[in-house]
Amino acid sequence: IFERLLDKKSDFTSDINNTKQGKFEQAQKFINRNYNKNINLDDVAKEIFLSTKYISRKLKEKTGKGFMELKKELRIKMAKRLLRETNLTVSQIAYKVGYQNPESFMKLFKRVVGMVSSSYRTWPEDIKK
């Protein structure tokens, strides 16, 4: 009887961990879908029914980064893609990836990427990656 109880406890714990893992993956998907919106960690927590503390800790564990840093990286990554693949203006791209102020976006882009966004567009392809 004792062994069966232990097996059930183990299954239950495994189910909880799998559920939390699934929730964490849901959180990542939610962030990826909404990076360009004005979302915060509370929005993610409400979406997947977990605490902000838990999500924050798991993000840091799995990525080494906090929520805001991940959101910023996603925005810059998409901006780089739009600069390479479209003829949108830098201001249009700034708005499209979620920045309300193109000047702030341009300063951040330069700080993160190491060059101004308009130069990035014309930089040789093999160097941009």
Side-chain angles (χ1 to χ4, degrees):
I1 294 174
F2 186 66
E3 286 176 7
R4 277 188 273 152
L5 286 174
L6 283 177
D7 285 343
K8 285 184 181 187
K9 181 181 184 248
S10 162
D11 289 345
F12 180 72
T13 305
S14 177
D15 288 347
I16 288 173
N17 288 337
N18 288 338
T19 302
K20 282 191 174 180
Q21 179 60 31
K23 294 259 187 195
F24 182 74
E25 289 169 8
Q26 280 181 285
Q28 288 179 305
K29 287 177 184 174
F30 179 79
I31 294 166
N32 286 337
R33 277 193 321 270
N34 295 287
Y35 72 91
N36 60 337
K37 297 178 181 133
N38 191 21
I39 62 167
N40 58 38
L41 207 48
D42 285 335
D43 298 320
V44 179
K46 287 174 188 169
E47 176 73 14
I48 63 167
F49 306 105
L50 287 175
S51 74
T52 55
K53 272 186 168 182
Y54 177 80
I55 297 167
S56 181
R57 188 177 75 241
K58 283 298 182 186
L59 280 174
K60 197 79 165 168
E61 260 177 40
K62 295 193 180 267
T63 66
K65 298 170 184 142
F67 172 76
M68 293 304 289
E69 190 175 352
L70 282 173
K71 190 166 92 167
K72 176 184 71 176
E73 281 185 4
L74 282 169
R75 286 177 169 185
I76 294 295
K77 180 180 176 181
M78 182 53 82
K80 288 164 75 175
R81 182 171 158 220
L82 291 169
L83 284 165
R84 282 192 314 267
E85 298 174 5
T86 72
N87 290 324
L88 294 172
T89 67
V90 172
S91 291
Q92 289 171 319
I93 290 171
Y95 292 124
K96 196 166 190 66
V97 299
Y99 290 93
Q100 301 302 311
N101 181 333
E103 290 78 23
S104 297
F105 164 75
M106 288 181 239
K107 285 179 188 174
L108 176 68
F109 190 94
K110 183 172 188 222
R111 190 172 66 237
V112 171
V113 178
M115 68 175 66
V116 294
S117 47
S118 55
S119 295
Y120 182 85
R121 178 171 267 156
T122 59
W123 206 253
E125 229 13 77
D126 56 335
I127 298 174
K128 286 190 221 182
K129 309 283 182 204

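In what follows, every heavy atom counts, from backbone to side chain, and hydrogens, waters and symmetry copies are set aside.
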**Request:** Of all the heavy-atom pairs spanning V44 and A27, show the shortest one and how long it is.
**Result:**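 Looks like CG1-CB, 3.7 Å.
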
**Prompt:** Taking all non-hydrogen atoms of both residues, which atom of V116 and which atom of K110 are closest, and how far apart?
**Reply:** CG1-CD, 3.8 Å

**Item:** Step-by-step side chain to side chain contact (heavy atoms under 4.5 Å, CB included) determination, T52 to F67
**Value:** CA-CA 10 Å; T52 55; F67 172 76; over 6 Å; no

Find the distance between [atom1] ([X]) and [atom2] ([Y]) and round it off to the nearest 0.5 Å.
| X | Y | atom1 | atom2 | result |
| --- | --- | --- | --- | --- |
| R81 | T86 | CZ | OG1 | 10.0 Å |
| N87 | L82 | CG | CG | 11.5 Å |
| K62 | F24 | NZ | CZ | 6.0 Å |
| N40 | N34 | CG | CG | 11.5 Å |
| S51 | L41 | OG | CG | 9.0 Å |

Is the side chain of [X] donor-acceptor paired with the backbone N or O of [Y] at a distance under 3.5 Å, no angle test?
| X | Y | answer |
| --- | --- | --- |
| K71 | I39 | yes |
| T63 | L59 | yes |
| K23 | I48 | yes |

**Prompt:** Are there more than 12 heavy atoms of other residues, nucleotides or ligands under 6.0 Å from atom CG of D42?
**Reply:**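 It does: D42 CG has more than 12 such atoms within range.
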
**Message:** Other residues, nucleotides and ligands only: do more than 12 of their heavy atoms fall within 6.0 Å of CZ on R57?
**Reply:**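 Counting other residues, nucleotides and ligands, CZ of R57 exceeds 12 neighbours.
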
**Message:** Hydrophobic cluster membership, with links at side-chain heavy-atom distances under 4.5 Å among I/L/V/M/F/W/Y: are M115 and L88 in one?
**Reply:**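 In one cluster with M115: L88, yes.
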
**Message:** Would a single hydrophobic cluster contain both M68 and L74, if residues Ile, Leu, Val, Met, Phe, Trp and Tyr are joined by side-chain heavy-atom contacts under 4.5 Å?
**Reply:** yes

**Item:** K72/E69 salt bridge by N-O under 4.0 Å criterion
**Value:** no

Would you be so kind as to tabulate the donor-acceptor pairs closer than 3.5 Å made by side chains of residues 95-109, with sequence neighbours excluded?
unit_1 : atom_1 : unit_2 : atom_2 : d
N101   : OD1    : E103   : N      : 2.8
N101   : OD1    : S104   : N      : 3.3

**Prompt:** Quick one: does I93's side chain get under 4.5 Å of S117's, heavy atoms only?
**Reply:** no

